[in-house]
There are 2 protein chains.
Amino acid sequence: MKERVNSKDVAKKAGVSQATVSRVINKYPHIRDTTKEKVLNAINELGFTVDQVARSLNTRKTSTIGLLVGDISNSFFAETSKEIISIARSLGYDVMLSNTDHQSDNLKTSLATLIGKRVDGIIVGSVERFDEQIQTLHDSKFPVILYNTRLASGNCNAVVIDNFKGARIATEHLISLHHKKIAYVTLPLNYSTLYERMEGYKQALADSDIPYDPASVYIGEISTQAIENFIDIIMSSPEKCTAVFAASDQIAIKIMEICKSKKIKVPEDISIIGFDNIDLSRSPFIDLTTISQQHIKMSEIAVHNLVNMIENKDMEEENQNASSVLEPQLIIRGSTKVLDK
Amino acid sequence: MKERVNSKDVAKKAGVSQATVSRVINKYPHIRDTTKEKVLNAINELGFTVDQVARSLNTRKTSTIGLLVGDISNSFFAETSKEIISIARSLGYDVMLSNTDHQSDNLKTSLATLIGKRVDGIIVGSVERFDEQIQTLHDSKFPVILYNTRLASGNCNAVVIDNFKGARIATEHLISLHHKKIAYVTLPLNYSTLYERMEGYKQALADSDIPYDPASVYIGEISTQAIENFIDIIMSSPEKCTAVFAASDQIAIKIMEICKSKKIKVPEDISIIGFDNIDLSRSPFIDLTTISQQHIKMSEIAVHNLVNMIENKDMEEENQNASSVLEPQLIIRGSTKVLDK
DNA sequence: GTGAAAGCGCTAACAA
DNA sequence: TTGTTAGCGCTTTCAC
């Protein structure tokens with residue numbers, strides 16, 4: 001095992017004090033050029049690199065942020081994580097990533113280890129509406145920022161799009177195509193995102209005097225079996241549905257797959273609209289009409305705001321306004337069409 | 001700013017020494033039950049959690065591993081990262097994730113910061129064949145393990161599938177369907193993975209006495225424009241290609257999209273086979289015949305081997321054999337068919 | 001079974 | 001401009 005070289009070794013080699021080495025490393029302004037050079041040479045010759053662990057211990061700064069996502073293999077999180085990691089890096093932070101699998105327990109343990117490791121702040125991409133852990137964390141003035149979801153209480157900085165409005169726009173798009181019986185498929189409403197989208201769907205129906213029909217709504221886990229059953233029902237009822245609004249692109253694509261297996265043509269037999277605008281929905285094989293989350297921008301803002309909170313911890317004022325609401329945008333593609341009379 | 005509570009505070013509260021607190025935390029066997037209880041109570045009352053930074057400083061262990069991938073938004077890396085993070089967590093390690101964007105420079109800086117942060121080991125999912133940095137790292141006895149790619153020198157532990165064999169199997173599958181003119185599309189051969197697949201393709205042709213035709217091979221960046229041109233050429237030459245082998249599912253899907261836009265039917269007009277078996281290729285909209293990388297198993301082995309290297313650093317023997325080669329597997333789906341006479 | 005003291009590698013006053 | 005000294009919060013001998 002080769003011994004690590006530390007700043008003491010460098011100091012000895014360069015014939016200066018350890019403090020001076022530290023000053024050179026940290027680019028202190030007032031150092032004699034010859035001294036600086038001596039130190040730099042010693043650093044090179046010995047192949048010294050600073051031990052960030054030791055540094056962190058007394059600066060109480062790790063230059064690391066924690067990122068908690070529901071499922072990194074889900075396109076939405078994969079795409080946003082990539083952006084978050086890249087921006088964080090450009091601002092001098094590394095990212096510790098945890099996958100919660102949408103389990104509150106995992107959130108809890110992840111949060112605990114991240115905090116134990118003294119990350120400077122945490123970005124969370126998926127929390128249930130009534131989660132208390134995040135609330136507590138935020139109350140303790142620890143830098144946290146949510147993206148994608150937010151808390152029902154609103155007591156934590158969050159970067160989201162207006163999901164209510166997005167869902168309204170999606171539903172209105174279908175209505176504008178003369179659809180009246182519009183099904184809605186969503187995962188359970190534990191997340192603000194899904195909760196608000198559901199509300200938006202209802203609102204749009206109400207605005208057009210279309211009665212809300214619970215039989216046209218599926219709220220639950222998205223298994224092939226369950227969705228198949230649901231499709232069978234809405235397609236066979238006397239007044240059958242002519243369009244489906246899915247709470248996410250992932251769900252929409254699942255529905256399209258099932259339609260394909262049942263020889264139901266999209267959009268001829270049924271129009272489908274999703275939500276998120278993940279990369280895949282743009283594919284000519286999917287070509288899904290959807291609502292853009294502006295997820296790249298969302299990631300960007302989340303990191304910038306978090307770093308701002310970290311670096312200006314004193315200015316309380318600043319921190320309060322780290323929330324943003326982005327505008328949803330309708331992306332019309334080939335999975336929706338005018339209802340034939 | 002609330003003050004952090006440390007083990008000294010706990011010691012005072014419990015009326016014991018700091019050393020005893022440490023012993024309790026670390027589950028030392030010989031502590032009087034009453035003492036242990038006092039300490040545990042104090043810990044609870046004060047809400048103490050150990051500062052891993054301080055602990056790391058003298059145990060020289062961070063319980064963190066670095067993960068370097070080419071592009072986390074690419075399904076292959078998203079899926080493997082998820083698995084790696086999950087297994088690492090189960091073994092007591094957190095993961096610091098970096099995205100290299102397939103740039104050697106980014107690899108370099110990521111490596112440097114990870115090492116500066118004193119991660120216990122590093123898993124690398126994408127390195128060029130002749131990369132020297134990884135080589136150097138490995139030579140210095142730092143725990144590194146590659147997955148997916150390996151070094152041309154073979155001087156670093158790696159978990160890969162037999163890419164040569166996989167490509168041979170893929171090509172032979174097409175040949176067994178009576179295809180003779182088989183195009184090959186790949187990114188530049190900087191990665192062992194791609195290099196070996198190319199060799200496998202050539203070998204399979206040679207084994208069946210099919211001449212290797214450079215005009216049927218595209219090696220370069222995968223832009224829509226470039227692939228369109230290439231498809232035009234191979235489909236219009238006197239002896240036109242009837243099948244394409246793509247070096248990755250991502251490329252295969254890109255080709256399928258272009259075929260769709262050109263009204264070229266898959267598999268009727270042309271058979272397409274990919275490589276990797278990413279989740280998407282299973283989709284009924286894609287239904288791509290491909291070679292399975294067993295990427296979940298690959299991730300699993302990579303983490304286990306790395307942790308093994310970390311935790312048994314002394315036993316040199318052990319470390320040498322941390323490489324594994326997995327068997328590729330042909331997954332036949334709907335994108336390939338027998339060539340009509 | 002428990003405490004005192006030293007030290008991990010760095011930074012940050014305070015002197016000089 | 002530079003050196004000395006004292007920690008950061010923990011673990012770890014070495015005593016007792």
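Proteins come first, then strands; the chains are lettered A, B, ... in the order of their sequence lines, and each starts at number 1. Remember, it's a predicted structure, so these values are computed and weren't measured experimentally.
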A.B. asks: Asp71(A): what forms a side chain to side chain contact (heavy atoms under 4.5 Å, CB included) with it, not counting sequence neighbours?
C.D. replies: Ser73(A), Asn74(A), Asn99(A), His102(A), Lys82(B)

A.B. asks: Who pairs with Asp51(A) by salt bridge (Lys or Arg N to Asp or Glu O under 4.0 Å), at least two apart in sequence or on another chain?
C.D. replies: Arg118(B)

A.B. asks: Using five pairs at either end of the helix from dG1(C)-dC16(D) to dA16(C)-dT1(D), determine the angle between the two local helix axes and round it to 10 degrees.
C.D. replies: 40°

A.B. asks: Can you check the Arg4(A) CZ to dC8(C) P distance for me, whole Å?
C.D. replies: 15 Å

A.B. asks: Looking only at side chains, do Asp120(A) and Thr62(A) share a donor and an acceptor under 3.5 Å apart?
C.D. replies: yes

A.B. asks: Rounding to an integer number of Å, can you tell me how far Asn6(A) CG sits from dC8(C) P?
C.D. replies: 8 Å

A.B. asks: Name the one of Val160(A), Leu151(A), Ile122(A), Val159(A) that satisfies side chain to side chain contact (heavy atoms under 4.5 Å, CB included) with Leu146(A)?
C.D. replies: Leu151(A)

A.B. asks: How would you list, by chain and number, every residue that makes a salt bridge (Lys or Arg N to Asp or Glu O under 4.0 Å) with Asp9(A), sequence neighbours excluded?
C.D. replies: none

A.B. asks: At a heavy-atom distance below 4.0 Å, what parts of residues 35-62 of chain A sit against DNA chain D?
C.D. replies: Thr35(A), Leu57(A), Asn58(A), Arg60(A)

A.B. asks: Within the structure shown, what part of the strands sits under 4.0 Å from Ser22(B) by heavy-atom distance: base, sugar-phosphate, or nothing?
C.D. replies: base

A.B. asks: Are Phe142(A) and Val119(A) close enough that some pair of their side-chain heavy atoms sits under 4.5 Å apart?
C.D. replies: yes

A.B. asks: Could you work out, with side chain to side chain contact (heavy atoms under 4.5 Å, CB included) as the rule, every residue matching Leu40(A), not counting sequence neighbours?
C.D. replies: Val24(A), Lys36(A), Ile43(A)

A.B. asks: Below 3.5 Å between N/O atoms, which protein atoms pair up with nucleotides 13-16 of chain C? Just atom names and distances, please.
C.D. replies:
unit_1  : atom_1 : unit_2   : atom_2 : d
dA13(C) : N6     : Arg23(A) : NH2    : 3.4

A.B. asks: Residues in salt bridge (Lys or Arg N to Asp or Glu O under 4.0 Å) with Lys8(B), at least two apart?
C.D. replies: none

A.B. asks: Have a look at Val21(A) and say if it touches a base, only the backbone sugar-phosphate, or nothing, with a 4.0 Å heavy-atom cut-off.
C.D. replies: nothing

A.B. asks: First contact, last contact: which nucleotides of DNA chain D are these for chain A, 5' to 3', heavy-atom distance under 4.0 Å?
C.D. replies: dT1(D) to dG9(D)

A.B. asks: Thr136(A): what forms a side chain to side chain contact (heavy atoms under 4.5 Å, CB included) with it, not counting sequence neighbours?
C.D. replies: none

A.B. asks: Find the distance Lys8(B):NZ to dA4(C):P and express it as a whole number of Å.
C.D. replies: 12 Å

A.B. asks: Sequence neighbours left out, what passes side chain to side chain donor-acceptor pair (under 3.5 Å) with Thr80(A)? Give chain and number order.
C.D. replies: Tyr147(A)

A.B. asks: Quick one: are Leu46(B) and Lys13(B) in side-chain contact, heavy atoms under 4.5 Å?
C.D. replies: yes

A.B. asks: Show me the side-chain donor-acceptor pairs of residues 123-131 of chain B shorter than 3.5 Å, one per line, residues at least two apart or across chains.
C.D. replies:
unit_1    : atom_1 : unit_2    : atom_2 : d
Asp131(B) : OD1    : Gln133(B) : N      : 2.8
Asp131(B) : OD1    : Ile134(B) : N      : 3.0
Asp131(B) : OD2    : Gln133(B) : NE2    : 3.3

A.B. asks: Expressed as a whole number of angstroms, how long is the span from Tyr28(A):OH to dC10(C):P?
C.D. replies: 16 Å

A.B. asks: Rounded to the Å, how far apart are Ile25(A) CD1 and dC10(C) P?
C.D. replies: 7 Å

A.B. asks: Just how far, in rounded Å, is P of dT11(C) from CD of Gln18(A)?
C.D. replies: 9 Å

A.B. asks: Would you check if Thr109(B) and Asp105(B) make a side-chain contact, meaning some heavy-atom pair closer than 4.5 Å?
C.D. replies: no

